[in-house]
Amino acid sequence: VPTDARDAVLALALVGRAWPRAHAGLLARTEAWTAALDAGLVLSERGFLHLDDAWEGAARELAGGATSGSTRDAAAALDAVYSGGAGDPWALERAAELWLRAGEAESADAAHARALVLLGDTTARREIVSRWFEAVGDHGDAAAQLQLRARGAERALEMGEADEAL
């Protein structure tokens with residue numbers, strides 16, 4: 001990935017979705033977007049920026065080595081764009097995963113809780129809860145893991161989802 005386009009490619013890989021062009025500045029500098037678009041690494045369609053399929057593998061590699069700062073920035077951008085209005089539970093769950101990866105357990109738990117509130121579909125809820133507990137299990141801090149699992153169980157019981165609390 002060319003150096004001048006790296007930040008834009010990394011940001012898209014971290015958020016894991018097409019990104020609204022109107023909010024591109026939340027993820028990377030204008031120069032990085034211009035370089036990525038000019039090089040064909042990123043495409044712009046119907047108001048969204050997305051990675052060209054040919055660059056998905058390289059982008060995933062970049063994301064795997066992302067700093068906690070880059071991961072935190074991507075989580076904050078997802079949170080900012082998808083928390084308001086109708087919201088998007090999948091984007092918020094991705095934000096929760098990124099917050100957790102960046103070591104921000106409180107922000108992660110808050111984003112996960114907002115994602116759950118937005119869900120009406122039982123199957124989607126199971127998938128998001130499953131993703132959350134997988135991310136929590138990958139978190140290196142055992143005390144934080146326990147706290148996040150306990151909060152998840154409490155939240156599930158409050159919402160009448162006893163099977164989730166187990």
Trace of the side chain to side chain contact (heavy atoms under 4.5 Å, CB included) decision for V9 with L62
CA-CA 8 Å; V9 172; L62 271 179; 4.0 Å; yes
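- Both L10 and L98 are members of a single hydrophobic cluster when ILVMFWY side chains are connected at heavy-atom separations under 4.5 Å.
- Here E127 contributes atom CD and T122 contributes atom OG1; the two are 13.5 Å apart, rounded to the nearest 0.5 Å.
- In this structure, the side chains of W99 and D109 stay at 4.5 Å or more apart for every pair of heavy atoms.
- Between L116 and P89 there is no side-chain heavy-atom pair separated by less than 4.5 Å.
- Linking ILVMFWY residues whenever their side-chain heavy atoms come closer than 4.5 Å, directly or via other members, leaves V129 and L92 in distinct clusters.
- Around CD of E134, the count of heavy atoms belonging to other residues, nucleotides or ligands within 6.0 Å does not exceed 12.
- Taken from CG in D79 to OG in S107, the straight-line distance is 7.5 Å, to the nearest 0.5 Å.
- Between R114 and E93, the closest side-chain pair of non-hydrogen atoms is not below 4.5 Å.
- Distance CZ/R126 to CG/D121: 8.5 Å, rounded to 0.5 Å.
- Here the side chains of W90 and L78 are not in contact, with every heavy-atom distance at 4.5 Å or above.
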Could you walk me through whether W19 and V81 pass the side chain to side chain contact (heavy atoms under 4.5 Å, CB included) test, one step at a time?
CA-CA 10 Å; W19 190 255; V81 172; 3.6 Å; yes
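- Annotation: side chain of R94 is not in contact with side chain of R17 (no heavy-atom distance under 4.5 Å).
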Which pairs of donor and acceptor atoms, one on a side chain in residues 25-44, lie under 3.5 Å apart (sequence neighbours left out)?
residue: R29; atom: NH1; partner: D7; partner atom: OD2; Å: 2.7
residue: W33; atom: NE1; partner: A24; partner atom: O; Å: 2.9
residue: W33; atom: NE1; partner: A28; partner atom: O; Å: 3.3
residue: T34; atom: OG1; partner: T30; partner atom: O; Å: 3.0
residue: S44; atom: OG; partner: R21; partner atom: NH1; Å: 2.7

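- Distance check: L51 CG to R60 CZ gives 9.5 Å after rounding to the nearest 0.5 Å.
- Salt-bridge check for R101 with D138: failed, with every basic side-chain N at 4.0 Å or more from each acidic carboxylate O.
- Side-chain contact annotation: S68 with T71, donor-acceptor N/O pair under 3.5 Å absent.
- Salt-bridge check for R72 with E104: passed, with a basic side-chain N closer than 4.0 Å to an acidic carboxylate O.
- Rounding to the nearest 0.5 Å places CD of E97 at 10.0 Å from NE2 of H112.
- Considering only heavy atoms from C-beta on, W132 stays 4.5 Å or farther from R149 through its side chain.
- Nearest approach of L14 to A63, heavy atoms of both residues: CD2-CB, 3.9 Å.
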